*Asks:* 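Here's a structure for you.
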Amino acid sequence: ALALEMFYYSARKLVGGYAAAMGGVDAVVFTGGIGENDDAVREEVLSGMEYLGLKLDRGLNHTRAEQKISAADSRVQAWVIPTNEEIVIARDTMELI
């Protein structure tokens, strides 16, 4: 439980830090293994980000497909974007050989 809380805290801190450094954000994107596949993690990471104007739509968050998961009235969007690591590895391999 402590490890998960530390993970959520670290992710929120990173998003907040980047938002501050960039003067705001247009979107927060979840990708990769956890980001694509764990709606509970996405919900925890985004909890408390209403100050950014980001509101999660919990119904839309139950997805593993490319989809906007923020509420319709959210000023900052949240998205799930699946990755394809295998194609990146294949392309890099072809470039090297």
Side-chain angles (χ1 to χ4, degrees):
L2 178 59
L4 284 173
E5 286 303 317
M6 294 294 294
F7 174 76
Y8 303 144
Y9 172 80
S10 295
R12 284 191 292 265
K13 192 165 99 171
L14 281 169
V15 171
Y18 279 115
M22 296 186 303
V25 294
D26 297 318
V28 174
V29 177
F30 292 89
T31 193
I34 296 171
E36 284 178 50
N37 299 307
D38 197 325
D39 57 331
V41 167
R42 294 190 298 260
E43 184 171 346
E44 286 294 329
V45 169
L46 294 178
S47 69
M49 294 208 180
E50 293 81 11
Y51 75 96
L52 286 177
L54 199 157
K55 298 178 190 174
L56 178 67
D57 182 315
R58 288 188 173 99
L60 294 175
N61 188 35
H62 297 292
T63 187
R64 290 185 174 184
E66 181 172 328
Q67 181 169 316
K68 182 175 136 180
I69 60 171
S70 48
D73 64 340
S74 184
R75 288 179 300 152
V76 172
Q77 296 181 7
W79 284 82
V80 174
I81 306 288
T83 58
N84 187 341
E85 290 101 351
E86 292 84 6
I87 195 69
V88 172
I89 293 168
R91 287 177 181 156
D92 287 351
T93 302
M94 285 301 294
E95 194 174 302
L96 288 171
I97 57 174

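As the structure is a computational prediction, the values presented were derived from the model and not from experiment.
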*Asks:* Can you name the nearest heavy-atom pair linking Leu54 to Val28, along with the distance?
*Replies:*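 Shortest heavy-atom separation between Leu54 and Val28 comes out as CD1-CG2, 3.6 Å.
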*Asks:* If you define the side chain from C-beta out and look only at heavy atoms, does anything of Leu2 sit under 4.5 Å from Met6?
*Replies:* yes
*Asks:* Rounded to the nearest 0.5 Å, what separates atom CD in Gln77 from atom NZ in Lys55?
*Replies:* 14.0 Å
*Asks:* Are Phe30 and Leu46 side-chain neighbours, meaning at least one heavy-atom pair lies under 4.5 Å?
*Replies:*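 Answer yes - side chains close enough.
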*Asks:* Working to the nearest 0.5 Å, report the span between CG of Asn84 and OG1 of Thr31.
*Replies:*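 So the gap between those two atoms works out to 10.0 Å.
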*Asks:* What distance separates Arg64 CZ from Asn37 CG, expressed to the nearest 0.5 Å?
*Replies:* 4.5 Å
*Asks:* Closest heavy-atom contact between Gly32 and Glu85?
*Replies:* CA-OE2, 4.2 Å
*Asks:* Could you pull out the closest heavy-atom pair between Ile69 and Asn61, with the gap in Å?
*Replies:*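 Scanning both residues, the minimum pair turns out to be CD1-OD1, 3.5 Å.
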*Asks:* Glu44 and Arg12: which non-hydrogen atoms are nearest, and at how many Å?
*Replies:* O-NH1, 2.6 Å
*Asks:* Would you indicate whether the side-chain heavy atoms of Arg42 and Val80 approach each other to under 4.5 Å?
*Replies:*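 Contact flag for Val80/Arg42 side chains = yes.
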*Asks:* Tell me whether Ile81 shares a hydrophobic cluster with Val76, the cluster being built from Ile, Leu, Val, Met, Phe, Trp, Tyr side chains joined at under 4.5 Å.
*Replies:*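 No.
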*Asks:* Does Trp79 belong to the same Ile/Leu/Val/Met/Phe/Trp/Tyr cluster as Tyr18, with side-chain heavy atoms less than 4.5 Å apart forming each link?
*Replies:*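 No, Trp79 and Tyr18 fall in different hydrophobic clusters.
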*Asks:* Which pair of heavy atoms, one from Glu36 and one from Thr83, lies closest together, and at what distance?
*Replies:*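 Smallest heavy-atom distance, with atoms named: OE2-N, 2.7 Å.
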*Asks:* For Asp73, does the CG atom have more than 12 heavy-atom neighbours from other residues, nucleotides or ligands under 6.0 Å away?
*Replies:* yes
*Asks:* With a 4.5 Å cut-off on side-chain heavy-atom distances among I, L, V, M, F, W and Y, is there a chain of contacts connecting Phe7 to Val29?
*Replies:*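 No; tracing contacts between hydrophobic side chains, which count when under 4.5 Å, never links both residues.
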*Asks:* What about Leu4 and Ile34, same hydrophobic cluster or not, with Ile/Leu/Val/Met/Phe/Trp/Tyr joined at side-chain heavy-atom distances under 4.5 Å?
*Replies:*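 Yes; tracing contacts between hydrophobic side chains, which count when under 4.5 Å, links both residues.
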*Asks:* Are Leu14 and Leu56 linked, directly or through other ILVMFWY residues, by side chains that come within less than 4.5 angstrom of each other?
*Replies:*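 Linked within one cluster.
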*Asks:* Where do Gly53 and Ser74 come nearest, in terms of heavy atoms and distance?
*Replies:*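 For Gly53 versus Ser74, the nearest heavy atoms are O-OG, 3.0 Å.
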*Asks:* With a cut-off of 6.0 Å (strictly less than), are more than 12 heavy atoms of other residues, nucleotides or ligands near CE of Met22?
*Replies:*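 Yes, enclosed.
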*Asks:* Would you call Glu43 and Arg58 a salt bridge, taking side-chain N to carboxylate O under 4.0 Å as the test?
*Replies:*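 Salt bridge: yes.
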*Asks:* Please lay out, stage by stage, how Leu60 and Lys68 fare under the test side-chain contact (heavy atoms from CB on, under 4.5 Å).
*Replies:* CA-CA 7 Å; Leu60 294 175; Lys68 182 175 136 180; 5.7 Å; no
